[in-house]
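Since the model is a prediction, treat every value here as computed from it, not as a measurement.
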Amino acid sequence: VATPAPAHAVFLAFDLGEYARRADVIRLMRVLTDDAERLMHGDPALGDTGPLLAQGPAGLTVSVGFGSALFERIGLGSQRPASVAPLPVFAGDQLERRWSDGDLLVQICSDDATVLSHAARMIVKDTRSFGAVRWSQQGFRSSAGAGATAAGTPRNLLGQVDGSVNPTPGTAAFDDAVWATGPDWFRGGTVMVLRRVRMDLDAWDGFDPEGKDLVLGRRMSDGSPLTGTTESDVLDLRALDGQGFTVIEPNAHISLAKARGPQEGMVRRGYNYDHGPDAQGRPDAGLIFVAYQANADTAFVPVQRRLAANDLMNRWVKHVGSATFAVLPGCAAGEYLGRRLLEG
Ligand code: HEM
């Protein structure tokens with residue numbers, strides 16, 4: 001969550017089945033913790049069927065999260081972080097089951113797609129006897145050294161510089177926005193909201209360049225706000241043009257998305273996806289929007305309500321998947337992920 005985002009990611013969601021018991025989840029978490037530790041060191045997993053592929057590991061990270069239904073099912077409903085719950089329905093949602101929800105999430109990131117593929121395969125094999133894969137989503141960002149701006153901020157598939165305003169890891173602003181403070185077992189964990197957002201790239205291609213800047217409130221060229229000259233300039237949502245209109249449209253994406261207070265703080269760390277064209281050559285592409293926050297009820301939900309209702313960008317984007325997970329705090333050597341919850 002706090003490491004610079006590697007170039008490739010796969011998000012795997014599993015359903016553990018209605019007969020899963022807490023003891024099964026403990027066994028699974030022991031296995032996954034061991035897998036993660038070995039693979040992150042570039043070592044093969046236990047029983048690895050392709051040990052040479054584990055070498056790398058090119059910044060491999062593995063994070064694990066629990067979905068809301070799992071807490072109830074294993075008798076730990078009272079320990080569920082309050083905002084790890086089904087999200088409200090937002091205006092314009094066109095959610096598909098095949099991209100939504102799930103009991104267990106494994107997020108794997110690496111700068112190398114081959115290492116990533118191998119790690120994902122090992123984790124899926126080890127999880128198979130505990131449940132079924134519900135969905136899998138693969139994404140990519142700019143590789144190291146290929147950032148769009150001097151600050152290294154990448155572009156999304158609309159061509160926008162995406163990720164300019166984000167708390168910096170290692171700062172109090174980051175810690176306050178991201179790390180949960182309760183329940184006890186969840187201190188140091190975070191709530192992840194994943195939205196699969198499909199983009200109508202063909203329609204966007206036909207839209208005029210000036211309009212693209214206005215829709216976002218920032219320039220496509222270098223990510224600078226329309227009220228500034230460089231990417232890091234702070235927005236001025238009150239600045240007026242010669243005719244008395246605000247320079248940044250009130251319904252521009254950043255006008256609506258900008259946090260109304262510290263409680264709306266979140267870290268966005270999404271990945272582009274491209275599933276290739278259909279037979280007519282139309283793209284199936286977009287953004288796996290991923291936000292981490294201490295509390296999704298006070299951060300993602302109000303921001304997304306504003307965006308869903310009025311964002312000018314909605315004409316070109318459609319939310320087709322949605323999931324929320326409690327991302328488990330890390331664990332010390334010799335422990336396993338989730339122990340504080342599962343053995344509480
Ligand atoms: C396809 C969907 C989306 C696209 C393409 C997109 C793109 C962008 C871009 C290009 C920026 C400006 C650069 C930056 O600060 O990163 C931005 C800012 C932002 N977006 Fe989005 N975004 C999308 C969805 C969302 C959603 C679903 C949320 C949260 C509910 C969100 C929250 C934010 C926030 C908080 C900012 C920073 C605003 C500020 O303080 O200046 N975005 N987004």
Side-chain angles (χ1 to χ4, degrees), residues 1-16 24-67 70 99 102-144 146 154 169 189-190 192 194 196 269-275 288 290 292 321 323 325-339:
V1 171
T3 51
H8 301 274
V10 59
F11 301 88
L12 298 162
F14 298 89
D15 279 334
L16 297 190
D24 301 321
V25 179
I26 291 176
R27 272 196 299 136
L28 174 58
M29 296 313 293
R30 285 187 192 279
V31 172
L32 289 183
T33 306
D34 186 67
D35 283 350
E37 193 166 9
R38 288 170 194 271
L39 293 165
M40 284 167 64
H41 283 102
D43 296 328
L46 274 187
D48 201 318
T49 41
L52 299 174
L53 291 168
Q55 291 168 10
L60 186 86
T61 62
V62 180
S63 312
V64 177
F66 287 177
L70 186 62
W99 304 122
D103 287 337
L104 177 80
L105 170 93
V106 184
Q107 168 190 304
I108 316 172
C109 304
S110 171
D111 278 322
D112 185 82
T114 307
V115 168
L116 180 73
S117 155
H118 170 70
R121 184 139 182 271
M122 286 306 105
I123 281 171
V124 169
K125 275 174 124 175
D126 279 340
T127 309
R128 254 188 327 220
S129 56
F130 295 90
V133 175
R134 184 180 174 95
W135 50 256
S136 146
Q137 307 196 36
Q138 289 175 25
F140 55 90
R141 299 166 63 98
S142 305
S143 298
T190 185
M192 170 188 189
L194 183 151
R196 187 178 181 87
R269 194 178 184 274
Y271 280 81
N272 301 321
Y273 75 84
D274 183 350
H275 274 198
I288 305 170
V290 181
Y292 306 93
F325 299 97
V327 177
L328 307 176
C331 64
E335 274 196 348
Y336 65 89
L337 290 165
R339 190 186 67 81

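Looking at R134 and F14, their side chains never come closer than 4.5 Å, going by heavy atoms from C-beta outward. The shortest side-chain heavy-atom distance between F11 and M192 falls under the 4.5 Å cut-off. Side-chain atoms of F130 and M29, non-hydrogen and from C-beta on, never get closer than 4.5 Å to each other. When side chains are defined from C-beta on, F66 counts as touching L104, because their heavy atoms get closer than 4.5 Å. T127 is not listed as a side-chain neighbour of V106, based on a closest heavy-atom distance of 4.5 Å or more. Under the 4.5 Å side-chain criterion, counting only non-hydrogen atoms from C-beta, V31 is in contact with D35. Between L105 and W135, some side-chain heavy-atom pair lies under the 4.5 Å cut-off. Residues R269 and C109 have side chains in contact (heavy-atom distance under 4.5 Å, counting atoms from C-beta outward).
The heavy-atom pair separating A146 from S142 by the smallest distance is O-CB, 3.5 Å. Here the closest non-hydrogen pair linking P329 and G189 is CG-N, 3.7 Å. Heavy atoms only, all atoms of each residue included: A113 and H8 are closest at N-CD2, 3.8 Å. Among all heavy-atom pairs drawn from A5 and Y271, the shortest one is CB-OH, 3.6 Å. Shown here for T33 and E335, the closest heavy-atom pair between the two residues is CG2-O, 3.7 Å. Looking at every heavy atom in both residues, A120 comes nearest to V10 through CB-CG1, 3.9 Å.
Between D34 and R30 there is no salt bridge, since none of the side-chain N atoms of the basic residue sits less than 4.0 Å from a carboxylate O of the acidic one.
For the ring pair (Phe, Tyr, Trp, His ring centres under 6.0 Å) test, no residue two or more places apart in sequence or in another chain qualifies with H41.
With values rounded to the nearest 0.5 angstrom, I123 atom CD1 is found 4.0 Å from I108 atom CD1. For the atom pair S129 OG and R27 CZ, the distance stands at 7.0 Å (nearest 0.5 Å). Here L116 contributes atom CG and F140 contributes atom CZ; the two are 13.5 Å apart, rounded to the nearest 0.5 Å.
Judged as a side-chain hydrogen bond (donor to acceptor under 3.5 Å, both in side chains), the pairs with a partner in residues 106-122 (not counting sequence neighbours) are, in order, D48-H118, Q107-Y292.
Remark: the backbone N or O of G270 is paired with a side-chain donor or acceptor of R141 at under 3.5 angstrom.
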Quiz item: So L32 and Y336, side chain to side chain contact (heavy atoms under 4.5 Å, CB included) or not? Walk me through it.
Solution: CA-CA 8 Å; L32 289 183; Y336 65 89; over 6 Å; no
Listing, residues 49-63 side-chain donor-acceptor contacts under 3.5 Å, not counting sequence neighbours, or none:
unit_1 : atom_1 : unit_2 : atom_2 : d
T49    : OG1    : K125   : NZ     : 2.8

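Tested against Q137 for a side-chain contact (heavy atoms from CB on, under 4.5 Å), the candidates L12, V290, L194 yield a single pass: L194.
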